[in-house]
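Okay, here's the structure, questions in a sec.
First listed ligand is number 1; within each ligand, the first listed atom is number 1.
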Amino acid sequence: MKTIIEPFRIKSVEPIRMTSRAEREEYLKRAHWNLFSLSARDVIIDLLTDSGTGAMSSEQWAAIMRGDESYAGSPSYYRFETAVREIYGIEHVIPTHQGRAAEHLLFQIYGGEGRVIPNNTHFDTTRANAEKSGATALDFPCAESLDTESDFPFKGNMDLEALRACLDSNGEAVPLVMVTMTNNAGGGQPVSLSNLKAVRKLCDQYEVPLFIDACRFAENAYLIKLSEAGQEGRELKDIALEIFSMADGCTMSAKKDGMVNIGGFIAVRDPDLARELRERLVVTEGFSTYGGMAGRDLDAVAQGLHEVLREDYQEYRHASITYVVDRLHQRGIPVVIPAGGHAVFIDAKRFYPKIPWSKFPGQALAIELYLEGGIRSCEIGSLMLGGTDEESGAAIPAARELVRLAIPRRTYTQSHMDYVVEVIESVWKGRDLIGGVEIVQAPRVLRHFTGQFRRLPNSRAPQAAHALPH
Ligand code: F0G
């Protein structure tokens with residue numbers, strides 16, 4: 001059969017509250033044109049993130065009931081530890097309440113003044129934890145990742161020459177190398193096994209440990225199976241095991257490929273490192289057999305990690321994202337190709353070529369998607385990643401102006417995706433009438449979360465401009 005169906009039936013449903021365009025204009029105006037400030041009740045399709053927003057299976061809900069809340073030595077912890085050991089092949093498993101807590105622990109040990117942390121691309125919390133420790137976080141994405149039109153299948157790869165140069169020039173200041181799989185900030189694009197092997201070789205040569213940011217490891221494994229030569233016949237669990245066989249440890253947000261609403265862990269091979277991490281864990285997260293998690297949540301992760309590696313699930317997951325990307329691409333709407341693992345990325349620079357980066361085309365597009373169809377997405381461009389030069393006060397752009405529509409796992413159906421395509425298409429048709437966005441007030445760091453904005457009229461469409469609420 002050609003149709004790839006959702007490999008599940010729906011047992012429990014949540015109503016979606018429909019809203020009118022006039023209502024949405026009012027909600028967003030009250031939110032100062034910041035989608036993070038909206039009440040989720042006022043959103044029709046919420047694609048702000050795929051993190052912690054997925055649906056759990058009936059087996060996971062059953063596991064929740066099995067959860068044991070003993071403070072120390074809970075059987076839930078042992079089931080969790082067994083699942084992580086089996087799937088990642090890493091011995092020491094330390095639970096944390098989510099991914100950034102694992103990063104915090106890691107950089108308490110590996111970070112510090114004068115240290116340099118290379119990554120294909122740090123996710124923003126990874127960068128924040130490295131920098132908060134005093135270290136410098138450097139990104140070395142491969143050259144293809146910057147070209148949103150290149151169909152290179154492994155745009156998440158590390159730039160190996162840049163990594164080698166970094167290891168050469170920084171010597172012992174590099175305490176570890178990190179690889180983020182998939183590369184979220186780079187478009188949810190995967191890293192190939194051969195690139196990871198080459199990174200491992202460099203790590204061996206320079207005697208530096210390799211850590212994987214493993215949030216979306218199963219999606220990455222599926223994309224390896226799909227596109228890397230020689231990998232097509234393999235089982236996902238074998239590809240995953242090979243990925244982790246190259247690492248000294250990993251940090252994990254179980255809110256993504258753990259298929260749960262909250263949870264995470266750090267796993268390491270070195271027993272001394274594990275001891276040190278556990279000593280720190282107990283101060284900020286909790287005792288070593290629960291970290292920051294409830295026993296029931298540990299059980300849900302143990303089950304989720306097995307489900308995420310099911311072939312039928314990954315096939316459907318990838319098909320549902322490709323479905324949207326292909327339809328937009330066919331209509332000439334600028335999307336990042338090929339489809340990444342967890343999200344659809346629209347290239348706002350090409351969507352609104354006349355809006356300069358300083359007027360935040362990505363934020364303008366995210367606003368339009370909400371007004372048009374109640375879709376909540378997220379700007380990943382100069383608003384989120386740009387900034388202000390400390391000395392000159394000049395605004396700094398980001399490398400790309402993207403809007404991310406992150407697809408929660410097992411949550412929306414194909415008709416929801418048809419609706420998303422229709423809304424985007426309608427916004428595309430009206431693209432010549434849209435002006436940019438300006439900041440009214442915003443904090444210096446992480447301004448996209450709490451900033452207040454104003455919509456700017458489009459100077460080339462004055463008759464439409466006064467119709468814009470701003
Ligand atoms: N690493 C990556 C690659 C991530 O995408 C995230 C979270 C984290 C680490 C941190 O994990 O949220 O459990 O603390 N990404 C979410 C997102 C927030 O929307 O992409 P966390």
Legend entry - Geometric cation-pi criterion R127 and F123, 6.0 Å radius, 45° cone: no

Legend entry - For ligand 1, the residues whose heavy atoms come within less than 4.0 Å (ordered by chain, then number): T49, S51, Q98, G99, R100, E103, F123, T125, T180, N184, D213, C215, R216, S253, K255, K256, R404

Inset, instruction - With sequence neighbours left out, write down each residue that passes side-chain contact (heavy atoms from CB on, under 4.5 Å) with I262, or none if nothing qualifies. - result: Q98, K255, D297

Inset, instruction - Please name all residues satisfying side-chain contact (heavy atoms from CB on, under 4.5 Å) with E91, sequence neighbours left out, ordered by chain then number. - result: R85

Inset, instruction - Please work out whether the ring planes of F217 and Y88 are parallel, tilted or perpendicular, with thresholds of 30° and 60°. - result: tilted

Legend entry - salt bridge (Lys or Arg N to Asp or Glu O under 4.0 Å) partners of R280, counting only residues at least two apart: E276

Legend entry - Modelled atom types, side-chain donor and acceptor of E307 and S57, under 3.5 Å: yes

